[in-house]
Number of protein chains: 2
Amino acid sequence: MSAKPISLKILAAHLDLTVGTVSRALNGYADISPVTRKRVKRAADELGYRANQNARRLSIGNPETVGYLMPRVSSSIAQPFVAQLLQGLGEALSKRSWDLLVVQPNSSKDEMAHIERMVRSGRVGGLVISRPLKNDPRIRLLQDLKCPFVVHGRTASCADYAWYDVDGDDAFVTAVNHLVSLGHSRTAFIGAPLQHQFAQDRLNGYRSAVQENGLVVDEDLIQIADFSDDGGEVATNMLLDLPVPPTAIVCVSDTMALGALAAIRSRGLLPGVDISVIGYDGLKFGIHSNPPLTTMAQPQAHAGRRLGDMLLAIIDGDDPSKHQELQRAHLLRRKTDGPLHNATVQTNVSIREEIL
Amino acid sequence: MSAKPISLKILAAHLDLTVGTVSRALNGYADISPVTRKRVKRAADELGYRANQNARRLSIGNPETVGYLMPRVSSSIAQPFVAQLLQGLGEALSKRSWDLLVVQPNSSKDEMAHIERMVRSGRVGGLVISRPLKNDPRIRLLQDLKCPFVVHGRTASCADYAWYDVDGDDAFVTAVNHLVSLGHSRTAFIGAPLQHQFAQDRLNGYRSAVQENGLVVDEDLIQIADFSDDGGEVATNMLLDLPVPPTAIVCVSDTMALGALAAIRSRGLLPGVDISVIGYDGLKFGIHSNPPLTTMAQPQAHAGRRLGDMLLAIIDGDDPSKHQELQRAHLLRRKTDGPLHNATVQTNVSIREEIL
DNA sequence: TTGCTTTACGAAACCGCTTTCGGTTAGCGT
DNA sequence: ACGCTAACCGAAAGCGGTTTCGTAAAGCAA
């Protein structure tokens, strides 16, 4: 276990060969005799030789590294996705022993600058970004830079780049249909700011599902709030204060749904019987909420690996538009969805409030 | 927005200067006239020049990169820490515009190999590892490799390296004392496998606190289980099946505590009144558990930044043993701790079970 | 033996940048 | 006018690899 890393030069000297020969021997060139190749390899791992990656990558002109731009945190309940996504990415990359660089941008400007620096400085051969905005400048930038990239999520016009997403539109159709089948005709939607494409997709799903069921969309039942549990709570309070409150709520995320549950409980109502709530994400923690949260679950573990594989393929020259993968979320029933009960409870509440 | 990155050479040609001169102009050497320096800088960002980092780092002999070894996942409730830690690390590193490399090892052997490769190949100038085992081979390896590193957590003999940890021993003393002050004399401990040093620390705190309060440690009240919510549930069921079950439980993590709550509720008991539960971590979603989880909270956001700063200082030559930071956890009371109630409820239950 | 491939390695250019070292030019004093 | 110092820039040697090209030795045929 020496401290100083040993270079190709001193390895070559040790073997009484030239660096070029040693390099070719290690890299499996055909013009090296089997005996010297063996000799070189043996010496190499006896001395613990590891090629300097900066030198190697400079030479071969390939950073063999991809970058991951962390979503800018909303500081709220920490993103449980990130760890899983990184794990999946890591797995995909490790098959070729590429490296994974993560970047935590502070502002949007900062993020653009980061991207531009990383690709121009040759630090990464590709990037994965997540949670695109409706009209995401990062995508434009990356296309201009001709830098391979994949996006976790997608925008409205997503034909010409690679993405992995779960169908939020479809998911909310499923959720609303489920609630309708339980008898609910007044289902509210709690969403996140619509500059995020996913927020728009899920709202679209909600709208079309309501209409497909022969109901009319009541704009009062659509609440956009901060993308956090607190946001969910605020939005739910707005809904419950309505003259005619909803009997069910679909939320754009599990985190917001947790806030909804809190608001409902704080009024003495019971989620799942007095008001149904369906979240989105399928976070495992939902098992432990009060009551356990019904949610549209997505195949989390998959995303990272798929994104990694896609990115590598594109870097290899694949057409990005060939790599677009849309997963479906499935309904994971726990305890916050239920049939339209005797609606007396919350109706009484709202009526009582109106009288006061 | 050109696609091909422009090199120092073509920038120099563009300016009718040599590469050396341009390089020095950009890097603030004194032997460059102010006018040419301006000229160079202007041309540089007009053309969008970014120094190739592989080349630069090879030349200066510094990878300007640190690695983060992700804790090997127990697949359970995804690690909420990771994202926060990465964010903090990123912030610390970005002050010098260093890069952050994350590695996801599969096995312990894999992990050792990763470390060895990363440092020997000059990919990283330092590493941060987390959740050390009692006798962690990674620490030995890194010391042998003379690679700067910091550890998130610490081992029993932690005098000669840098670490950031929160005092688990102290935290469990606080937790047990709190429960004793509420009248509990039979407090159980749910822990994780003791090869993890943190598990041992917290158990030590539990033991000494029990004794300091003039009570005797009942080994039956110490349950070691899988480090997950399921583990917590299993352990709690063991405890509740005891002839004389505990009236309070301290858990080595919030995740395990959630499992404990589930087990308690499933027996028709109410956490916080029939049995008190205190978790550890202070995860924000504890607010939404049933009931909201009382926990020993730690200053999460801080860890990443501190670890990053420490690592940079050590790379700069600081003595690692000068960088050891022990934070204290504080009691965050929510709803799962309460006074020793009429203990009849759970006693009746256990008695009932014995009779059957 | 000569001549011609193979085989197996050495030599050297190159990747893009940093940094030391020299040397030319300008500016100053005398 | 001369010499001397400073200011500025060019030249070149690395950093540690990869890869092309050339060539000596070895093999084979005639």
Side-chain angles (χ1 to χ4, degrees), chain A residues 2 4-41 43-44 47-65 97 117-125, chain B residues 2 4-41 43-44 47-65 97 117-125:
Chain A
S2 58
K4 279 299 117 196
I6 73 164
S7 69
L8 199 53
K9 181 155 64 177
I10 80 174
L11 175 58
H14 185 79
L15 285 164
D16 200 38
L17 291 172
T18 64
V19 293
T21 303
V22 175
S23 173
R24 283 183 326 237
L26 259 18
N27 291 337
Y29 277 62
D31 63 345
I32 300 291
S33 82
V35 299
T36 54
R37 186 190 306 279
K38 284 266 191 288
R39 199 164 67 95
V40 169
K41 288 198 172 179
L47 298 186
Y49 167 77
R50 302 285 176 188
N52 180 300
Q53 291 299 321
N54 280 321
R56 177 165 174 279
R57 288 165 177 172
L58 167 62
S59 187
I60 66 179
N62 187 339
E64 289 185 341
T65 301
S97 58
R117 280 216 330 249
M118 299 193 71
V119 348
R120 281 205 132 94
S121 69
R123 245 189 301 237
V124 298
Chain B
S2 58
K4 278 300 119 196
I6 72 163
S7 68
L8 199 52
K9 181 154 64 178
I10 79 175
L11 175 57
H14 184 79
L15 285 164
D16 200 38
L17 291 173
T18 63
V19 292
T21 302
V22 175
S23 172
R24 281 183 327 237
L26 259 19
N27 291 337
Y29 276 62
D31 63 345
I32 300 291
S33 81
V35 299
T36 55
R37 185 190 307 280
K38 285 267 191 288
R39 199 164 67 94
V40 169
K41 288 198 171 178
L47 298 185
Y49 167 78
R50 302 286 176 187
N52 180 299
Q53 290 301 320
N54 279 321
R56 177 165 173 278
R57 288 164 176 172
L58 168 61
S59 187
I60 66 179
N62 188 340
E64 289 185 341
T65 301
S97 60
R117 279 217 330 249
M118 299 192 74
V119 347
R120 281 206 133 94
S121 68
R123 243 189 303 237
V124 297

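Proteins get letters first, then strands, A, B, ... in listed order; numbering begins at 1 in each.
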Rounded to whole Å, please give me the gap between [atom1] in [X] and [atom2] in [N].
X	N	atom1	atom2	result
K9(A)	dT18(D)	NZ	C1'	16 Å
R123(B)	dG16(D)	CZ	P	17 Å
L26(B)	dC8(D)	CG	C1'	16 Å
E64(A)	dT18(D)	CD	C1'	12 Å
K38(B)	dC8(D)	NZ	C1'	17 Å
L15(B)	dC9(D)	CG	P	11 Å
L17(B)	dA11(D)	CG	P	11 Å
N62(B)	dC17(C)	CG	P	17 Å

Could you check which of [options] has an atom nearest any side-chain atom of [X]?
X	options	value
S7(A)	dG16(D), dG10(C), dT18(C)	dG16(D)
T18(B)	dT19(C), dA11(D), dT18(D)	dA11(D)
D31(B)	dG16(C), dT18(D), dC9(D)	dC9(D)
P34(A)	dG10(D), dT18(C), dA8(C)	dA8(C)
N52(A)	dC9(D), dG17(D), dT18(C)	dG17(D)
A55(B)	dC9(D), dG17(D), dG16(C)	dG16(C)

Calculate, to the nearest 0.5 Å, the distance between atoms [atom1] and [atom2] belonging to [X] and [Y] respectively.
X	Y	atom1	atom2	result
N54(B)	T65(A)	CG	OG1	7.0 Å
Y49(B)	I10(B)	OH	CD1	10.0 Å
L15(A)	T21(A)	CG	OG1	10.0 Å

Any donor-acceptor N/O pair under 3.5 Å between dC17(C) base and S59(B) side chain =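 Side chain to base: pair found, below 3.5 Å.
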message = At less than 3.5 Å, do the side-chain atoms of R24(A) and the base atoms of dG17(D) form a donor-acceptor pair?
response =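 Absent.
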query = Does the side chain of N62(A) come within less than 4.5 Å of R57(A)'s, by heavy atoms?
reply = no
ask   = Phosphate oxygens OP1/OP2 of dA7(D): is one of them under 4.0 Å from a side-chain N or O of S33(B)?
value = no
request  = Map L58(B) and V35(B) onto DNA chain D by nearest heavy atom, then report which one ends up closer to the 5' terminus.
outcome  =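 Nearer the 5' end of the strand: V35(B).
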key: I60(A) vs V22(B), nearer the 5' end of DNA chain D by closest nucleotide   =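 On the 5' side of the pair lies V22(B).
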query = Can you tell which of L11(A), I32(A), V40(A), L8(A) makes a side chain to side chain contact (heavy atoms under 4.5 Å, CB included) with S23(A)?
reply =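 For S23(A), the side chain to side chain contact (heavy atoms under 4.5 Å, CB included) test succeeds with only one of L11(A), I32(A), V40(A), L8(A), which is L8(A).
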